[in-house]
Protein chains: 2
Amino acid sequence: MAKLTGPLANKDTVSGSDPLHELLLKLRARDVLSEEEEQILRDSIGEIKELPRAKVIVKAGVTVSECTLLVEGFVCRYKDLSDGQRQLMELHVPGDFLDLHSFLLKQLEHNVGSMTPVRLVMTPHDKIRDITEKHPHLARMLWFSTLLDAAIHRERILSVGRRSALSRISHLFCELYVRLNVVGLTDGFSYRLPITQADIADASGLTAVHVNRMLKQLREMGLMSFRNNEVVIQDWNQLQRTGEFSDHYLYLERRPR
Amino acid sequence: MAKLTGPLANKDTVSGSDPLHELLLKLRARDVLSEEEEQILRDSIGEIKELPRAKVIVKAGVTVSECTLLVEGFVCRYKDLSDGQRQLMELHVPGDFLDLHSFLLKQLEHNVGSMTPVRLVMTPHDKIRDITEKHPHLARMLWFSTLLDAAIHRERILSVGRRSALSRISHLFCELYVRLNVVGLTDGFSYRLPITQADIADASGLTAVHVNRMLKQLREMGLMSFRNNEVVIQDWNQLQRTGEFSDHYLYLERRPR
DNA sequence: CGAGCGGTTGATCCTCCTCAACAAATGTGG
DNA sequence: CCACATTTGTTGAGGAGGATCAACCGCTCG
């Protein structure tokens, strides 16, 4: 593969032209979305924004009036502790709404930040409210997508609560593989993931040093490698087993909601 | 206080007669619920069920067609690991829907089980679907209540990921105090919590032995005690500080959704 | 009365953290 | 282009928080 150059060179397909491409893939992996509903979504979105990495996209406690859809790049939701520790709640991939829940919560209790340069699409709360008033099925699909976040949260609770360091990290890379695969951002058994080991640590409730050791072990076990911002999975079955990963919680059956 | 006798003697107010009492308190702490909407909820509920403790209420992977509202008792959502370990995702108090998300997910990826004898009210998915079709504001309030679960999940991720054992446990008891207070189930700075130390351990990602030691320490520090199924908080401010607890994530402002 | 569960305490072990040093990669200004 | 700073990754040594194993107590219930 040719070396990628620009900060947003993550994308090399024509899909880059449609900001809803990944969202539609994500939704249609779970339910039937009509042409009309697709159009309603298109009519709901507003301006496109670009941001460099390490910027706060939504700050905790600040009232917001629009939701943000991630089009390109990686984003995380996180909270900081008083002693400087940080915990990532969720790592977001293109096609994810970053703060759809802000529509009803009005303000978030956590921060949302870019981990890479990102491209975002804004959607006013008013438009989403209209959807809940006039298009109940589409509204249910949006509701569903917040339930998916909650299911991912629960799996994270299990990971940090009960799994070993090696298992946690394996699980995280498995999850990202499946989620990126749904939106067409994997290349065979590998995917780009331009984040640091410290980020992995904050996501898995470990220290960066220990993450480094576990990554080394995963490499030596021949399961996967994470180098140069790229994840390469060598033994998918064994990696899943090590992380006790099963994709049930990602609800990938297409069924009416 | 007189000794409570029966398995369901948790309740000593007249509210016991209205199965929606706690739910209405919970919803009205966050938004204005009209008389009409209250009536719609009343028309949506079906039979009342009672179950002993330690029963599975909803099993992972089984398709369900109704949601369950907890009226009385304590319930948890949990997952088991292959080696016999268990992690609680959330601990539910009266007024909580245990599986409102099953309405859209159709089946859950985790189990829901009773931790005490419980009283439940069933609500068919069809009724909830009707609400999303005809009563968008009420539907948003239901959506909101699933977002509240997600916010509680996120705080749990932070706890198990980054907080010390003492801090985690303090936080858990703070959260339960506030949530029980909203639905009128506290008595000053104490509340009934008829669960075991092993349950606390599974909720906080620790072992029962270590929970026991931390509870002892909290007692010796004069912050709180948990004995005979009763939590007594002696120093609320210091307990909050120890658990780094703030109730922001419970969204207790009443504002339109 | 014995069984079983929940709680308590001690001794020991081990995963993961902390601290520290250094290497490699990346970025910056001259 | 190089010199330099900064960030990220890597490795080692030592330490600590929590797990594990085990024994025992008290209570409840059949």
Side-chain angles (χ1 to χ4, degrees), chain A residues 3-7 9 52-54 74 81 83-87 114-117 159-170 172 193-220 224-231 242, chain B residues 3-7 9 52-54 74 81 83-87 115-117 159-170 172 192-220 224-231 242:
Chain A
K3 182 130 189 353
L4 301 166
T5 51
R53 47 147 279 159
F74 288 88
L81 284 183
D83 61 352
Q85 290 194 98
R86 147 185 297 210
Q87 176 69 45
S114 61
M115 314 182 76
T116 68
S159 262
V160 291
R162 293 296 187 202
R163 290 196 242 257
S164 70
L166 195 71
S167 183
R168 275 183 232 186
I169 292 173
S170 303
L172 183 62
L193 186 70
I195 68 178
T196 67
Q197 293 182 358
D199 294 328
I200 304 289
D202 289 340
S204 50
L206 300 164
T207 58
V209 172
H210 202 58
V211 167
N212 182 280
R213 290 188 228 270
M214 296 298 103
L215 287 174
K216 184 183 179 188
Q217 193 177 331
L218 285 172
R219 264 189 327 261
E220 287 171 352
M224 60 157 285
S225 72
F226 175 44
R227 302 205 107 138
N228 306 318
N229 298 331
E230 182 144 29
V231 175
T242 304
Chain B
K3 183 139 193 337
L4 301 166
T5 52
R53 46 148 280 159
F74 288 90
L81 284 183
D83 61 353
Q85 289 194 98
R86 144 185 299 211
Q87 176 68 45
M115 313 181 77
T116 68
S159 262
V160 292
R162 292 296 188 205
R163 289 196 243 258
S164 71
L166 195 70
S167 184
R168 277 183 228 185
I169 292 174
S170 303
L172 183 61
R192 286 208 79 221
L193 186 70
I195 68 178
T196 68
Q197 292 183 359
D199 294 327
I200 304 289
D202 289 340
S204 51
L206 300 166
T207 57
V209 171
H210 203 58
V211 166
N212 182 280
R213 290 189 229 271
M214 295 298 103
L215 287 175
K216 183 184 179 185
Q217 192 176 331
L218 285 171
R219 265 191 323 263
E220 286 171 355
M224 59 158 285
S225 72
F226 175 43
R227 302 204 106 142
N228 306 319
N229 297 331
E230 181 144 30
V231 175
T242 304

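Fair warning: this is a prediction, and the values are worked out from it, not measured in the lab. Proteins come first, then strands; the chains are lettered A, B, ... in the order of their sequence lines, and each starts at number 1.
Listed for the A/T242 side chain is no donor-acceptor partner under 3.5 Å among the backbone atoms of A/S167.
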- Task: Could you encode protein contacts along nucleotides 6-18 of chain D as a string, one character per nucleotide from 5' to 3', using B for base contact, S for sugar-phosphate-only contact and - for no contact, with a heavy-atom cut-off of under 4.0 Å?
- Result: --SSBBBB----B
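The separation between A/I200 atom CD1 and C/dC16 atom C1' is 17 Å, rounded to whole Å.
Under the salt bridge (Lys or Arg N to Asp or Glu O under 4.0 Å) criterion, the residue pairs touching residues 197-209 of chain B are A/R162-B/D202, with sequence neighbours excluded.
When all heavy atoms of B/A203 and B/L172 are compared, the pair lying nearest together is CB-CD2, 4.1 Å.
The side-chain heavy atoms of A/K216 and A/R219, taken from C-beta on, include a pair separated by under 4.5 Å. Within the 4.5 Å cutoff, the side chain of A/I169 has heavy atoms near those of the A/L206 side chain. A 4.5 Å side-chain heavy-atom check between A/M214 and A/R168 finds every atom pair outside the cut-off.
Remark on the helix from C/dC1-D/dG30 to C/dG30-D/dC1: inter-end axis angle 40°, axes from five-pair C1' superpositions, rounded to 10°.
Taking OG from B/S225 and CD from B/E220, the interatomic distance works out to 12.5 Å, rounded to the nearest 0.5 Å.
For the 3.5 Å distance criterion, the side chains of B/N228 and B/E230 fail to qualify, holding no donor opposite an acceptor.
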